[in-house]
Amino acid sequence: MAYSSEHDEIPNPLRAGLRGDAVPEPCAVVVFGGSGDLAHRKILPALYNLALNAHLPAAFGVVGVSRSEYTDEQYRAEMREAVGRFSRTQPVQEDVWKDFAAGLRYCAGSFDDPSTYRRLGEVLQELDRTRATRGNRLFYLATPPSTFPVILRNLKDAGLINKDGEGPFTRVVVEKPFGHDLASARELNRLLLQVCDEKQIFRIDHYLGKETVQNLLVFRFANAIFEPVWNRRYVDQVQITAGEELGIEQRGGYYEEAGVLRDMLQNHVLQLLTLTAMEPPVAFDADAVRDEKLKVLRAIVPLDSPEQVRKRLVLGQYREGSVAGMGVPGYQQEKGVAPGSKTPTFVALKLCINNWRWDGVPFYLRSGKRLPKRATEIAVHFSGLPHSLFDNGPTQPNVLIIHVQPEEGITLRFAAKVPGEGYRPRMVSMDFRYGTAFGNSTPEAYERLLLDAMRGDQTLFTRKDEVEAAWRLIDGILQVVERGEGVVPYPYPAGTWGPSEADALLAADGRQWRRL
Ligand code: BG6
């Protein structure tokens with residue numbers, strides 16, 4: 001792969017990071033929903049890129065399972081096209097693809113039919129024989145959650161799930177959304193734990209696969225100078241934004257049920273918050289990291305009364321407007337959306353964390369569809385000066401911004417002297433950009449996550465107690481919202497930063513959202 005780095009002597013984590021760790025053991029990845037959107041757009045392109053970068057074991061196979069009828073050959077052709085369209089690296093290297101496709105199989109069948117699993121068992125045995133995959137299996141459930149119970153039960157009945165630690169490994173990757181509320185998430189956990197052990201379960205939140213999100217851990221815990229100021233003594237407030245230009249695409253049916261609270265807040269945005277606020281873990285391993293994230297979730301003051309929710313939460317729903325110069329319809333005009341729908345597409349929320357580090361520091365979160373631009377960032381606003389020596393120019397408090405996407409990097413805003421006479425301060429930026437420092441070929445989140453699941457590393461996957469704690473928090477809010485207790489989404493024109501009530505939420509604290 002073409003590659004350039006500003007500083008050749010600096011080891012390049014984007015190139016070496018994944019490769020630095022062990023290549024996984026031989027295994028077969030079974031994708032339920034193998035003919036679906038996720039398989040086309042993300043999973044197969046990610047597996048191909050892992051092959052391209054020599055991260056996959058030589059003994060490797062992939063089986064797509066879906067209802068659609070394909071032969072192996074037809075499935076390979078379809079996936080070749082998907083990789084051609086969606087792979088982050090282009091053009092597709094035909095020799096790598098040929099090798100990869102030789103281990104690609106398809107198994108047509110309905111998820112509730114035991115014969116599907118008998119056939120799948122035969123395909124897996126054939127892969128063990130011809131590709132030496134040694135009985136190790138990674139089952140990826142890229143299907144709607146309603147299908148999880150039936151798939152898991154059938155896998156178990158067909159004898160395709162090994163117990164943890166007994167013989168070849170079996171691991172199960174579960175896609176988001178993990179449940180619809182606390183009760184359904186608990187039920188799903190109960191079901192998963194009936195067929196396998198927590199150590200075998202990999203609950204995906206693809207934000208954890210993003211380089212810049214992982215970099216939060218390195219930034220905080222591989223540098224000595226930030227940790228001493230990362231607390232209530234020096235931090236005034238934290239703002240986390242996950243903004244999207246996109247609307248709901250073709251997913252009206254799903255989004256009507258989910259809304260922004262379930263689609264983005266319960267998972268991606270809370271993950272950003274926990275990584276920002278967590279204590280240093282005792283070790284860099286899956287349980288130690290997840291223990292600390294869980295403590296943050298448990299320390300968040302819940303919003304469970306209608307008064308609290310009304311005071312600290314603003315919801316919005318986009319109306320017709322214009323994004324990036326293009327006219328776009330309102331949410332209620334989207335396909336699959338009910339006229340008069342009250343599903344929120346925007347949320348702004350103030351959370352407080354009751355612990356020694358963060359007591360009194362508000363965390364303002366916002367996320368929405370059809371905002372003016374795609375921008376995900378974490379902005380740590382430091383406290384102002386105790387006393388200013390320079391009165392001939394405004395100084396604002398320092399802000400440290402972690403740009404998650406699309407411009408991946410970190411910015412520190414600080415005051416500098418304007419050249420010339422006198423001592424006039426002005427705020428300037430010190431910038432680190434991933435692209436400049438490490439080249440532009442950042443691995444896709446799914447590459448990292450698939451590789452970690454094959455290696456059995458759960459650090460970047462959510463644990464049972466963590467996912468339930470996140471739901472507990474959102475459940476309280478959902479109950480108030482869904483009982484209709486005075487919290488309805490305010491309209492905002494597509495292409496704006498949400499309803500003005502979101503500004504009022506911060507203005508009430510004498511603050512404002514960072515302009516993006
Ligand atoms: C998904 C949500 O989990 O994340 C989508 O279901 C959202 O609605 C997407 O658009 C955002 O992901 P990313 O990686 O584009 O920020």
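Because the structure is predicted, anything quoted here is derived from the model rather than measured. Indexing begins at 1, ligand by ligand and atom by atom, following the structure's order.
For the pair Arg251 and Tyr255, the cation-pi criterion (under 6.0 Å, within 45° of the ring axis) is not fulfilled.
For ligand 1 and Arg251, the ligand atoms under 4.0 Å from any heavy atom of the residue are 2 (C), 5 (C), 6 (O), 8 (O). For ligand 1 and Lys210, the ligand atoms under 4.0 Å from any heavy atom of the residue are 13 (P), 14 (O), 16 (O). In the vicinity of His206, heavy-atom distances shorter than 4.0 Å reach the ligand 1 atoms 1 (C), 3 (O), 4 (O), 12 (O), 13 (P), 14 (O). Taking every heavy atom of Lys176 and a limit of under 4.0 angstrom, the matching atoms of ligand 1 come to 1 (C), 2 (C), 3 (O), 6 (O). Within ligand 1, counting atoms from 1 as listed, the ones closer than 4.0 Å to a heavy atom of Lys369 are 5 (C), 7 (C), 8 (O), 10 (O). Atoms of ligand 1 lying under 4.0 Å from any heavy atom of His268, numbered from 1 in the order shown and given with element: 1 (C), 3 (O), 4 (O). Annotation for ligand 1: atoms under 4.0 Å from non-hydrogen atoms of Gln405 are 13 (P), 16 (O). Contact atoms of ligand 1 toward Glu244: 7 (C), 10 (O), 11 (C) (distance under 4.0 Å to a heavy atom of the residue).
Side-chain atoms of Arg262 never come within 3.5 Å of backbone atoms of Ile474 as a donor-acceptor pair (strictly under, hydrogens ignored).
For the residue pair Gln317 / Arg319, a side-chain donor-acceptor distance below 3.5 Å is found, with atom types taken as modelled. A donor and an acceptor atom, one from each side chain of Tyr331 and Glu256, are located under 3.5 Å apart. Checking Tyr254 against Glu249 by side-chain atom types alone, no donor-acceptor pair falls below 3.5 Å. Side-chain atoms of Tyr492 and Thr345 form a donor-acceptor pair, as typed in the model, at a separation below 3.5 Å.
For CZ of Arg433, the number of neighbouring non-hydrogen atoms (other residues, nucleotides, ligands) closer than 6.0 Å is greater than 12. With a 6.0 Å radius and a threshold of 12 heavy atoms from other residues, nucleotides or ligands, Glu407 has its CD atom at or below the threshold.
Within the 4.0 Å heavy-atom cutoff, Tyr255 does not count among the residues contacting ligand 1. In this structure, Leu246 has no heavy atom closer than 4.0 Å to ligand 1.
Protein heavy atom at the shortest distance from atom 15 (O) of ligand 1 is Arg374 NH2, 3.4 Å. Looking only at heavy atoms of the protein, atom 16 (O) of ligand 1 is closest to Tyr207 OH, 2.4 Å. Protein heavy atom nearest atom 2 (C) of ligand 1, with residue, atom name and distance: Asp263 OD1, 3.3 Å.
Between Tyr106 and Tyr75, the angle of the ring planes lies from 30° to 60°, which puts this pair in the tilted group.
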